[in-house]
Amino acid sequence: MRIAVQADSFDPGAELTRFAAGHTDQGAIVSFSGLVRDVTGGLEAMQIEHYPGMTERAIEQIAFQAKTRWNLGDVLVIHRYGSLTVGEIIMMVATTAPHRTDAFEAAEYLMDYLKSRAPFWKKEVTSQSADWVAAKDEDEDALSRWDGS
Amino acid sequence: MRIAVQADSFDPGAELTRFAAGHTDQGAIVSFSGLVRDVTGGLEAMQIEHYPGMTERAIEQIAFQAKTRWNLGDVLVIHRYGSLTVGEIIMMVATTAPHRTDAFEAAEYLMDYLKSRAPFWKKEVTSQSADWVAAKDEDEDALSRWDGS
Amino acid sequence: MKLQVMYFAWLRERIGQGSEQVETDAATVAELVAELRTREARYDLAFSDLSAVRVAIDQELTDLDASLDGAREVAFFPPMTGG
Amino acid sequence: MKLQVMYFAWLRERIGQGSEQVETDAATVAELVAELRTREARYDLAFSDLSAVRVAIDQELTDLDASLDGAREVAFFPPMTGG
């Protein structure tokens with residue numbers, strides 16, 4: 001399990017190559033990469049604040065929950081903080097599993113929990129404004145699908 | 001949209017890097033990589049037969065269906081044929097989308113359809129035997145979740 | 001009519017060849033299968049369990065009831081196991 | 001007791017600092033918030049809508065009713081928006 005919280009950029013492809021190389025006994029590898037997207041137009045920067053110390057712990061807990069819940073080989077989570085521009089990589093998760101369904105579901109679970117339970121906050125800066133991104137109801141709703149089963 | 005049916009091996013990480021580079025306007029990139037796994041022990045080779053000509057068409061149709069169904073930026077499908085050994089890459093799909101749910105669902109849909117509707121057949125060769133892999137009921141069942149909605 | 005008939009995976013192995021030209025008057029895939037089965041034991045064996053046989057006409061998946069009208073290429077194979 | 005109190009995102013901006021040492025006898029997070037709000041207008045403003053405030057004690061998510069017994073670090077922040 002590798003968890004990295006970092007300011008530095010990274011290449012999700014290079015990370016996937018490294019992650020996959022260690023897991024040739026697993027049949028399925030799923031990756032998710034999140035990039036800065038200019039939704040409204042005019043985005044100059046996406047600033048990401050986090051809570052050093054807690055961030056790593058929170059991600060570790062989420063990853064352990066995923067490993068308890070699904071038959072997984074390994075988990076990778078990389079999340080950046082600092083000032084990013086449009087098109088830049090924000091974060092990545094990857095999972096390996098014997099079967100594709102486990103790898104897919106665990107990756108979606110990790111994403112849903114990272115979105116709403118890991119201490120990161122995004123701020124969108126344009127030439128006109130600098131606004132904290134509001135949490136979306138749909139992201140909170142996404143968590144509920146993992147309840148109880 | 002890039003669809004490749006090939007004998008040559010490839011690096012899913014390098015493919016992801018190339019795929020992602022063209023889509024910095026999309027927020028979400030999901031990839032799935034399938035590797036040869038030695039389920040029973042003693043696997044010497046996984047031989048993959050396909051139906052040249054039909055294979056590309058079938059994959060193209062599946063990819064178009066995915067693009068109709070979800071809000072996707074792009075789709076990548078690479079599938080190998082020939083004789084592969086344990087740990088080797090068999091195939092990869094990747095999707096880009098503005099939102100993660102579309103990218104995830106479309107990648108799972110592509111996988112479910114590729115498994116059961118693209119003309120590939122796998123044969124597992126050990127020192128004792130050479131058996132065609134039987135289609136699994138669960139793979140056929142997986143398709144039914146995409147019905148009707 | 002003249003059809004290019006193709007076989008894949010264990011159908012290919014049981015029949016002993018990957019493709020052949022077949023001269024037939026069969027109107028449907030099922031009629032073509034019935035005709036092939038009368039030819040030789042290897043065909044009869046290959047097609048003994050039709051629930052395990054899938055078919056494509058001109059590279060499009062279809063079923064045993066499909067008409068061969070206008071068909072040029074008919075392929076028989078077991079359920080796919082790609083991915 | 002002495003607590004390290006931390007603020008993130010717009011809570012940090014409204015309060016004007018990322019962390020501070022607070023000497024308090026508050027038994028719960030809610031009591032601590034009430035105490036902070038009486039201090040200065042900037043705290044009162046920052047905590048005016050508690051439905052938009054999340055809290056962690058010693059780096060574990062919890063809620064406003066949580067006891068401060070044994071706590072060393074309390075953090076306030078808006079709903080997370082990572083990923």
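Throughout, a chain's letter reflects where its sequence line sits, starting with A, and its residues are numbered from 1.
- Side-chain contact between L16(A) and S31(B) is present, with heavy atoms from C-beta onward closer than 4.5 Å.
- Using a 4.5 Å cut-off between heavy atoms, V39(A) makes no contact with chain B at all.
- Using a 4.5 Å cut-off between heavy atoms, A28(A) contacts chain B through both its backbone and its side chain.
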For this session: Evaluate the side-chain contact (heavy atoms from CB on, under 4.5 Å) criterion for residues D139(A) and R100(B): first the C-alpha distance (whole Å), next the side-chain angles of each, then the deciding distance (0.1 Å), finally the verdict.
Result: CA-CA 11 Å; D139(A) 284 330; R100(B) 75 183 186 285; 3.1 Å; yes
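- Between chain A and the residues A21(B), P12(B), A14(B), G27(B), the most heavy-atom pairs under 4.5 angstrom are made by G27(B).
- Listed options I29(B), V93(B), T101(B) were ranked by heavy-atom pairs under 4.5 angstrom with chain A; first place goes to I29(B).
- Using a 4.5 Å cut-off between heavy atoms, A142(A) touches chain B through its side chain atoms alone.
- Here S33(A) is the residue among A103(A), S33(A), G87(A) with the most heavy-atom pairs under 4.5 Å with chain B.
- Only the backbone of Q26(A) has a heavy atom closer than 4.5 Å to any heavy atom of chain B.
- Contacts of D38(A) with chain B are absent, with no heavy-atom separation under 4.5 Å from either backbone or side chain.
- Between F104(B) and F32(A), the ring planes are parallel. Angles under 30° get that label, and only those over 60° would be called perpendicular.
- Rounding to the nearest 0.5 Å gives a distance of 7.0 Å between CD of E105(B) and CD of E108(A).
- Heavy-atom pairs under 4.5 Å with chain A peak, among D112(B), T96(B), I90(B), at D112(B).
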